[in-house]
There are 2 protein chains.
Amino acid sequence: MRVSELVQRTGTPLATIKYYLREGLLPAGRSTAATQADYTEEHVRRVAVIRALSEVAGLPLAKIRQVLAVIDVPGDDLFAALGTAVGALPPYPREQGDDLPRARAAVERLGMRWDPDYPAAAQLEHALAAAEAAGLPPTGERLDAYGRAIGALAEYDIRAMPHGAGSAVEYAVLGTALYEPVLLALRRIAHQDAARRLLEGSAERPGERPPAG
Amino acid sequence: MRVSELVQRTGTPLATIKYYLREGLLPAGRSTAATQADYTEEHVRRVAVIRALSEVAGLPLAKIRQVLAVIDVPGDDLFAALGTAVGALPPYPREQGDDLPRARAAVERLGMRWDPDYPAAAQLEHALAAAEAAGLPPTGERLDAYGRAIGALAEYDIRAMPHGAGSAVEYAVLGTALYEPVLLALRRIAHQDAARRLLEGSAERPGERPPAG
DNA sequence: TGACTTCGGATAGTACAGGTATCCAATATA
DNA sequence: TATATTGGATACCTGTACTATCCGAAGTCA
């Protein structure tokens, strides 16, 4: 197909397509003449992935480039590829000491084995430190509740993972990135639902709207 | 305390403090003279909250301003305040039809009562549409697994919510925003842990690093 | 008292991300 | 042949979040 069709199929402006080509996010089409190139279904899908990672997962284009590179050429070490690819996902905590005291305490409490060098470890430390600084440190009880729920979820994700090396990397990266927003949106809706159920029958005054938080 | 101390206590540059004052995120100190003002512990905490919402939760300052305004003056309708405040949190899906077919199907499958006008509903629709466009539509099985886990989590959050109106809003907003990154980091660590457990004993070749996805 | 520092307040500038817009000459296509 | 489209290059724009500089008044220390 020609660019115009790619534009129409993906709903992405031509200028943006050209920008992605310039930035190396989108491979060039097969050149059929000096002013003509041929694009495929792969290009359509690639644009969809780029926009999903950008708009929904909030990745900066530089990171999307890294992620796509790993998906394209996973190499022979599946686990290294998974680590690289998922490590490229946001957020990106600035470097700090190798201490990670809060993260260490949390993960050990939950009985998980972990690798402190894995970027998620620094993310966890950063997030816990911020919650503490804002005056909302996690109670042990809350950590337990979160750990149980998240553990079940993660186990499902891993069990459902495909077996081929290339598809596993793609599944892990896109699944991690694209299902995070799903998770967060579900959480907010579940909050609303839980609040309604728990407060229904308690001291709700007539005319009041059900809680939304 | 004087500005210099606020700078030192929060680790935030003076120029940035001034910027927050200009932008109305931080209330001015009590003016003691034309070139002197007095800041309190409240200011220290407020800066910590701003930075946590900005760096960890990724909120743009404009949204932080809205969130802080609701925390400061929750008004008399707790539920409206909760809705407004949590609705100000990212991501911000662009407007679309009132249809939300994917979100509706998902939420109904999970047996949750929901309000399609709540921003999280549009977020869910957007996230599911993106996953679908990228070639990873959710299976019913996955939705069930996510719903069970998230439902348990949300129920804990609501049960642990404080009862006063002002503190409930602050808890809901900061808890929603600040614990999202905690959740996501835990999920990635749990993935790693689950992958290790499930693959240990299976066809793992020696010398291979444990999975990181 | 006087040098030096700090402060509030205002304004201007910077750095980066993520596009948009325009122009050109070479083709396609009708 | 007339018109539209394309690849390629370059310039430009918009928004966000700061960062830097300057000023004149006021506090602080010797």
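Within every chain, numbering begins at 1; the chains are lettered A, B, ... in the order of the sequence lines, protein sequences first and strands thereafter. Just so it is clear, the structure is predicted and the values come from calculations on it, not from any experiment. Heavy atoms only: backbone and side chains are in, while hydrogens, waters and symmetry mates are out.
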Nucleotide C/dG18, atom P - distance to CG of A/Leu21 in whole Å: 17 Å
Without decimals, in angstroms, what is the distance between A/Arg22 CZ and D/dA9 C1'? 9 Å
Check whether any side-chain nitrogen or oxygen of A/Tyr20 sits under 4.0 Å from OP1 or OP2 of C/dT20, and answer yes or no. no
The residue, B/Leu61 or A/Gln36, whose nearest nucleotide of DNA chain D is more 5′ is A/Gln36
Of B/Arg51, B/His43, B/Arg65, which meets side-chain hydrogen bond (donor to acceptor under 3.5 Å, both in side chains) against B/Tyr20? B/Arg51
Give the nucleotide from the list C/dC7, D/dA17, D/dT6 with an atom nearest to the side chain of A/Ser4. D/dT6
Think A/Thr16 has a side-chain N or O under 4.0 angstrom from the OP1 or OP2 of C/dG18? no
Whole Å only: how far is the CG atom of A/Leu25 from the P atom of C/dA17? 13 Å
Side chain of A/Tyr39: nearest nucleotide among D/dC18, C/dG18, D/dG7? D/dG7
Any Lys/Arg nitrogen of A/Glu41 or A/Arg45 sitting under 4.0 Å from an Asp/Glu carboxylate oxygen of the other? no
Rounded to whole angstroms, how far apart are NZ on A/Lys18 and P on D/dA11? 15 Å
Give me the one residue out of A/His191, A/Gln192, A/Arg196 that meets side chain to side chain contact (heavy atoms under 4.5 Å, CB included) with B/Ile158. A/His191
Take atom OH of B/Tyr19 and atom P of C/dT14, then tell me their distance rounded to the nearest Å. 17 Å
Atom CD1 of B/Ile17 to atom C1' of D/dC18: distance rounded to whole Å? 13 Å
Taking any heavy-atom pair under 4.0 Å as a contact, classify B/Arg2: base, sugar-phosphate, or nothing. sugar-phosphate
Looking only at side chains, do B/Tyr39 and B/Arg46 share a donor and an acceptor under 3.5 Å apart? no
Between B/Ser31 and A/Thr32, which residue's closest nucleotide on DNA chain C lies nearer the 5′ terminus? B/Ser31
Does the Lys NZ or Arg CZ of A/Arg187 fall within the cation-pi geometry relative to B/Tyr179 - under 6.0 Å from the ring centre and within 45° of the axis? no
Whole Å only: how far is the CZ atom of A/Arg30 from the P atom of D/dT6? 16 Å
Look at all strands and tell whether A/Ala37 reaches a base, only sugar-phosphate, or nothing, counting heavy atoms closer than 4.0 Å. sugar-phosphate
B/Glu5 CD to C/dG8 P, in whole Å, measures 13 Å
Sorted by position of nearest nucleotide on DNA chain C, 5' first, the leading residue of A/Ala33 and A/Ala15 is A/Ala15
